[in-house]
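To start, the structure itself, in structure tokens.
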Amino acid sequence: EYVEIDAMPSSGYTINEEMSYCTLDNVNHDNEAVLYTNDSGEHVIAGLKKNSKCYLYFDIQKPLLRDEILAGKDIQERNSFSTVLSTNTNGIIYQEQTSDGTTYYFAGDTDENWVSFAGYYWRIIRINEDGSIRMIYNGTTTDQKGTTTQLQESTFSINSSTYDNNAYVGYMYTLNNVHGTGTESGIKKEVDEWYEENLLGEPEEDLLSTEAGFCGDRTRSTSSSSLNNSGGTGTTKTYYGAYIRLVNNKTPTFECSDEEYDLYTVDGSSKGNHALDYPIGLITADEVAYAGGAWDTSNEGYYLYTGNYYWTMSPYDFGGRFASVFFVYSSGALDDYFVNWSDPGVRPVLNLKANVTISRGNGSSSNPYVIS
């Protein structure tokens with residue numbers, strides 16, 4: 001319902017562009033008039049002619065999701081990732097500085113990162129450095145455990161026969177090319193099919209960020225303790241960046257070591273390799289570690305625990321015969337297995353635009369944020 005007012009509101013409202021209009025003759029709309037509220041909250045009225053008469057409709061400005069996430073939170077930093085985090089962390093959000101800015105992420109046993117979007121429930125992983133919001137699929141209910149938290153089970157590679165080459169650790173890959181993107185992995189096909197069935201051409205698609213991307217770090221080494229940028233092709237025994245960071249050093253990172261090749265984005269992004277068809281991917285092993293997981297250590301007390309196996313997109317190693325990728329074990333531990341294993345599930349990850357607003361909700365499982 002709209003109530004007539006005598007003065008233009010200065011803040012807290014946005015011009016309804018569909019309902020607002022200008023006329024020169026009190027009958028026909030002037031299609032050259034420009035009426036909108038910009039990202040800074042300023043009302044823009046332009047393109048008017050002599051004797052223009054405008055009718056402006058204002059809507060209450062809905063809160064930004066990123067602002068609601070941070071509101072009232074105790075912002076903390078974590079300095080050790082050698083053990084799991086399973087304590088109640090409601091009221092807390094963690095921050096990390098990267099070369100791109102500040103990212104804020106959830107960790108531990110939190111019930112404040114639930115989102116309802118496109119007919120499904122999601123868990124917020126973090127606010128990216130550019131303000132976009134990364135979240136992981138949780139299905140059609142807010143049940144945290146069980147197979148409903150994921151799509152179907154799937155091999156990471158195309159099929160059970162594709163495992164005997166370094167290339168198969170890639171979300172996309174090219175044989176004999178460390179950073180190739182010529183062939184899609186099996187799990188990418190599964191994720192893309194879900195996107196086509198649920199988001200392609202839908203209004204919600206316009207709310208997704210194409211800039212944030214997804215990192216499948218293929219930084220390589222023939223040493224298990226430090227990077228030497230050797231190996232990574234054929235059947236050469238190779239360890240990848242996340243192996244050294246998470247198995248040996250316990251130092252996760254939100255940085256993508258080689259954005260030019262291993263940051264998967266869609267065409268039109270200002271960075272990355274532009275190899276994706278759609279802005280959808282998987283969680284990284286590093287993000288699991290930030291959330292409270294740890295290598296080979298059970299954790300049933302953090303928000304990524306579902307009681308099931310599910311894949312990350314982070315390469316682990318090639319041991320001479322089998323390519324392996326990190327996954328989350330049914331105990332909540334970070335672990336690895338061969339890319340042709342068919343038991344782990346698929347949990348897609350999306351990035352919402354920084355300017356996404358909510359219509360209601362407080363982020364809890366009983367009252368999730370509802371995207372406008």
Residue pair Trp194, Ile280: steps toward the side chain to side chain contact (heavy atoms under 4.5 Å, CB included) verdict: CA-CA 10 Å; Trp194 182 88; Ile280 188 170; 3.8 Å; yes
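- Taking the six-membered ring wherever Trp is involved, the centroid distance between the rings of Tyr329 and Trp295 does not fall below 6.0 Å.
- For the pair Ile371/Ile358, a side-chain contact is recorded, criterion being any heavy-atom separation below 4.5 Å from C-beta on.
- Under the 4.5 Å side-chain criterion, counting only non-hydrogen atoms from C-beta, Lys188 is not in contact with Met313.
- Of the residues listed (Thr265, Asp267, Val266), the one engaging Thr210 in a side chain to side chain contact (heavy atoms under 4.5 Å, CB included) is Val266, and it is the only one.
- Linking Ile, Leu, Val, Met, Phe, Trp and Tyr whenever their side-chain heavy atoms come within less than 4.5 Å leaves Ile125 and Phe254 in two separate clusters.
- Using cut-offs of 30° and 60° for the angle between ring planes, the Trp114 and Tyr121 rings count as perpendicular.
- For Tyr278 and Glu196, the side-chain atoms include at least one donor-acceptor pair closer than 3.5 Å.
- For the pair Thr102 (side chain) and Gln97 (backbone), a donor-acceptor distance under 3.5 Å is absent.
- With no hydrogens or angles considered, a side-chain donor-acceptor pair links Asn228 and Ser221 at under 3.5 Å.
- Taking the six-membered ring wherever Trp is involved, the centroid distance between the rings of Trp341 and Phe156 does not fall below 6.0 Å.
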Given Ile136 and Val349, is the side chain to side chain contact (heavy atoms under 4.5 Å, CB included) satisfied, shown in steps? CA-CA 4 Å; Ile136 188 169; Val349 170; 3.9 Å; yes
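- With sequence neighbours excluded, the residues forming a side-chain contact (heavy atoms from CB on, under 4.5 Å) with Asp143 are Thr141, listed by chain and number.
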Could you please spell out the steps behind the side-chain hydrogen bond (donor to acceptor under 3.5 Å, both in side chains) verdict for Ser365 and Thr142? CA-CA 6 Å; Ser365 57; Thr142 55; 5.1 Å; no
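- Qualifying side-chain contact (heavy atoms from CB on, under 4.5 Å) partners for Ser342, counting only residues two or more places apart in sequence or in other chains: Thr155.
- Without hydrogens or angle criteria, Thr23 side chain to Asn28 main chain gives a donor-acceptor distance under 3.5 Å.
- Contact of the Ile133 side chain with the Asn351 side chain is not registered, since no non-hydrogen atoms from C-beta on lie closer than 4.5 Å.
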As a quick check of understanding, evaluate side chain to side chain contact (heavy atoms under 4.5 Å, CB included) for Phe214 and Ile283, giving each step before the final call. CA-CA 8 Å; Phe214 307 89; Ile283 196 169; over 6 Å; no
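- Counting only distance, with no hydrogens or angles, the side chain of Ser20 and the backbone of Leu56 share no donor-acceptor pair below 3.5 Å.
- In the model, Asn113 has a side-chain atom that pairs as donor or acceptor with a side-chain atom of Arg123 under 3.5 Å.
- Under the 4.5 Å side-chain criterion, counting only non-hydrogen atoms from C-beta, Leu263 is not in contact with Asn273.
- A 4.5 Å side-chain heavy-atom check between Val370 and Val115 finds every atom pair outside the cut-off.
- Glu68 approaches Tyr369 most closely through the heavy-atom pair O-OH, 3.4 Å.
- Using cut-offs of 30° and 60° on the angle between ring planes, the pair Tyr137 and Trp122 is perpendicular.
- Between the side chains of Asn166 and Tyr173, no donor N or O sits under 3.5 Å from an acceptor N or O.
- For Phe106 and Tyr94, the gap between ring centers reaches or exceeds 6.0 Å.
- A distance of 8.5 Å separates NZ in Lys62 from OG1 in Thr14, rounded to the nearest 0.5 Å.
- At a cut-off of 3.5 Å, with distance as the only test, no side-chain donor of Glu96 or Thr103 sits close to an acceptor on the other residue.
- Distance alone, capped at 3.5 Å, is enough to place a donor-acceptor pair between the Thr312 side chain and the Phe326 backbone.
- With hydrogens and angles disregarded, a donor-acceptor distance shorter than 3.5 Å links the side chain of Arg220 to the backbone of Asn229.
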The test is side-chain hydrogen bond (donor to acceptor under 3.5 Å, both in side chains); show your working for Asn198 and Tyr120 and say whether it passes. CA-CA 10 Å; Asn198 292 274; Tyr120 297 93; 2.7 Å; yes
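- Taking the centre of each ring, His43 and Phe58 come in below the 6.0 Å mark.
- Between the side chains of Tyr2 and Asn16, at least one donor-acceptor pair of N or O atoms lies under 3.5 Å.
- Checked by atom type and distance alone, the side chain of Asp317 never pairs as donor or acceptor with a backbone atom of Tyr239 at under 3.5 Å.
- Residues Tyr316 and Val178 fall into different hydrophobic clusters, defined by Ile, Leu, Val, Met, Phe, Trp and Tyr side chains chained together at heavy-atom separations under 4.5 Å.
- No donor-acceptor distance shorter than 3.5 angstrom exists from the side chain of Thr181 to the backbone of Met172, with no hydrogens or angles considered.
- Tyr302 has its side chain out of reach of Asp109: every pair of non-hydrogen atoms, C-beta onward, lies at least 4.5 Å apart.
- Between the side chains of Ser223 and Ser225, at least one donor N or O lies within less than 3.5 Å of an accepting N or O.
- Residues Leu175 and Phe322 share a hydrophobic cluster, clusters being chains of Ile/Leu/Val/Met/Phe/Trp/Tyr side chains in contact below 4.5 Å.
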Worked check of side chain to side chain contact (heavy atoms under 4.5 Å, CB included) between Asp100 and Lys271: CA-CA 12 Å; Asp100 292 326; Lys271 57 184 180 179; 4.1 Å; yes
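- Ring geometry for Tyr261 against His179 counts as parallel: the plane angle stays under 30°, on a 0 to 90° scale with 60° as the upper cut.
- For the pair Arg245 and Asp286, the salt-bridge criterion is met [side-chain N within less than 4.0 Å of a carboxylate O].
- A donor-acceptor contact shorter than 3.5 Å links the side chain of Asn159 to the backbone of Ser161.
- Judged by distance alone, the side chain of Ser330 and the main-chain N or O of Tyr309 form no donor-acceptor pair under 3.5 Å.
- Of the charged side-chain nitrogens involved, none lies within less than 4.0 Å of a carboxylate oxygen, so that Arg321 and Asp164 do not count as a salt-bridged pair.
- Of all heavy-atom pairs spanning Val169 and Ala323, the tightest one is CG1-CB, 3.7 Å.
- With a 4.5 Å cut-off on side-chain heavy atoms, Tyr105 and Glu287 do not count as touching.
- Side-chain contact annotation: Tyr195 with Glu205, donor-acceptor N/O pair under 3.5 Å present.
- Taken together through direct or relayed side-chain contacts under 4.5 Å among Ile, Leu, Val, Met, Phe, Trp and Tyr, Val191 and Leu208 form part of one hydrophobic cluster.
- Between Glu211 and Lys353, no side-chain nitrogen of the basic residue sits less than 4.0 Å from a carboxylate oxygen of the acidic one, so the salt-bridge criterion is not met.
- Relative to the ring axis of Trp311, Arg347 does not place its NZ or CZ within 45° and under 6.0 Å from the centre.
- Side-chain contact between Leu352 and Leu65: present, with at least one pair of heavy atoms (C-beta onward) separated by less than 4.5 Å.
- Ring centers of Tyr163 and Tyr168: at least 6.0 Å apart, outside the cut-off.
- Closest approach of Glu190 to Ser154, counting heavy atoms only: CG-OG, 3.6 Å.
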Per-pair distances, 0.1 Å, donor-acceptor, side chain in residues 70-79, under 3.5 Å, sequence neighbours excluded:
residue, atom, partner, partner atom, Å
Lys73, NZ, Ile69, O, 2.8
Asp74, OD2, Gln76, NE2, 2.7
Glu77, OE2, Gln95, NE2, 3.2
Arg78, NH1, Tyr290, O, 2.5

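- Side-chain N or O atoms of Gln61 include none that pairs as donor or acceptor with a backbone N or O of Ser11 at under 3.5 Å.
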